Amino acid sequence: MTTEQDPVKLMKQQVGFAAADRVQSGMIVGLGTGSTTAYTIQALGDRLKSGQLQDIKGVPTSFQSEVLAKQYGVPLTTLDEIDRIDVAIDGADEVDPHLNLIKGGGAAHTREKVVDYLAAQFIVVVDSSKMVDKLGSTFRVPIEVIPMAIAPVTRAIEKLGGKPELRMGIRKAGPVITDQGNMVIDVQFDNLDNPGELEKTLNNIPGVLENGLFVNCTDLVLVGEIQDGKPVVREIFKQS
Ligand SMILES: O=C[C@H](O)[C@H](O)[C@H](O)COP(=O)(O)O
């Protein structure tokens with residue numbers, strides 16, 4: 001019997017594992033959230049178990065990555081206990097040619113931004129479907145909002161020309177609740193020409209905790225691609 005493998009899964013696995021290979025003993029590592037970084041956390045656990053890697057500590061970006069790290073045996077630390085993060089490895093929902101990102105498909109962008117922006121090196125792991133010419137072409141901008149401010153924030157976003165929609169749970173009835181106990185509004189912006197400006201403007205609306213635009217922070221993108229039927233990894237470094 002032959003097993004047909006999902007190409008997207010193969011690409012995610014390949015980049016997730018490739019990112020884990022870049023981690024060295026003694027490093028403090030930001031552990032991203034999502035289906036791609038799940039492979040990185042798994043591979044870090046495997047490398048620790050085999051003795052290839054020693055003495056690393058992970059900083060989780062969500063409840064999900066904390067649970068996975070515990071499951072695979074990756075020791076954890078918190079931002080209270082450390083004064084540096086050597087490398088953060090995280091997924092993305094869109095990556096533009098300047099390596100700017102939209103994140104937050106899993107509603108984890110607030111903690112991810114804290115950890116990813118602190119890291120000396122920020123590595124993004126994606127399959128090729130996430131590469132876009134312009135941010136906003138395939139994915140909306142997630143915005144985490146404190147619950148009592150949903151109505152005024154929605155109106156403020158509409159005034160900026162965005163089309164907001166409260167994110168609802170897929171299995172759970174009612175809105176998605178983040179790890180911080182807040183809600184998420186997904187916003188379609190028809191003209192996302194200046195993501196850096198929009199990132200600041202959105203965060204200036206009272207009641208907004210954080211938005212999913214990650215601008216000018218990525219050092220390296222590892223893109224999973226299928227070539228001749230096999231998954232390969234393409235590296236795109238930030239232009240200095
Ligand atoms: O909130 C979730 C994160 O920003 C994820 O890193 C992003 O949604 C990508 O996830 P995945 O690797 O599952 O496509």
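Numbering of ligands and ligand atoms starts at 1, following listing order. Quick caveat, the model's predicted, so the values are computed rather than measured.
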Quiz item: What's the verdict on ring pair (Phe, Tyr, Trp, His ring centres under 6.0 Å) for Tyr117 and Phe122, showing C-alpha distance, side-chain angles and the deciding distance?
Solution: CA-CA 8 Å; Tyr117 277 47; Phe122 176 33; 7.5 Å; no

Measure the distance from [atom] to every protein heavy atom, then report the residue, atom name and distance (to 0.1 Å) of the closest one.
atom	answer
atom 2 (C) of ligand 1	Gly106 N, 3.0 Å
atom 12 (O) of ligand 1	Thr36 OG1, 2.6 Å
atom 14 (O) of ligand 1	Lys130 NZ, 2.7 Å
atom 13 (O) of ligand 1	Ser35 OG, 2.5 Å
atom 5 (C) of ligand 1	Thr33 O, 3.2 Å
atom 10 (O) of ligand 1	Gly34 CA, 4.0 Å
atom 8 (O) of ligand 1	Asp93 OD1, 2.8 Å

Quiz item: Any idea which part of Ser62 is under 4.0 Å from ligand 1, heavy-atom wise: side chain, backbone, both or neither?
Solution: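 Neither part.
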
Quiz item: Side chain, backbone, both or neither: which part of Val126 comes within less than 4.0 Å of ligand 1 when only heavy atoms are counted?
Solution: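 The answer is neither; Val126 stays 4.0 Å or more away.
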
So if I count the atoms of ligand 1 from 1 in the order they appear, which ones are less than 4.0 Å from some heavy atom of [X]?
X	answer
Lys12	13 (O), 14 (O)
Glu112	1 (O), 2 (C), 3 (C), 4 (O), 5 (C), 6 (O)
Ala92	9 (C)
Gly91	6 (O)
Asp90	6 (O)

Can we say [X] and [Y] salt-bridge, meaning some charged N sits less than 4.0 Å from an Asp/Glu carboxylate O?
X	Y	value
Lys9	Asp127	no
Glu199	Lys113	yes
Lys103	Glu94	no

Quiz prompt | side chain to side chain donor-acceptor pair (under 3.5 Å) between Glu112 and Ser62, worked out | solution = CA-CA 8 Å; Glu112 290 177 329; Ser62 61; over 6 Å; no

Any donor-acceptor N/O pair, [X] side chain to [Y] backbone, under 3.5 Å:
X	Y	answer
Thr218	Leu220	no
Asp90	Thr33	yes
Lys12	Val15	no

Practice problem: Output yes when the distance from some N or O of ligand 1 to some N or O of Ala108 is under 3.5 Å, and no in every other case. | Solution: yes

Quiz item: Any nitrogen or oxygen of Thr37, main chain or side chain, under 3.5 Å from a nitrogen or oxygen of ligand 1?
Solution: no

Exercise. Could you state whether Val124 and Phe214 fall into the same hydrophobic cluster, counting links through intermediate Ile, Leu, Val, Met, Phe, Trp or Tyr residues with side-chain heavy atoms under 4.5 angstrom apart?
Key: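 Same hydrophobic cluster.
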
Exercise. State yes or no: do Val145 and Ile157 share one hydrophobic cluster built from I, L, V, M, F, W and Y residues joined by side-chain heavy-atom distances below 4.5 Å, directly or via other members?
Key: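 Hydrophobic grouping puts Val145 with Ile157.
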
Quiz prompt | Close approach, Gly32 and ligand 1, non-hydrogen under 4.0 angstrom | solution = no

Practice problem: Could you tell me whether the side chains of Arg22 and Gln121 share a donor-acceptor contact shorter than 3.5 Å? | Solution: no

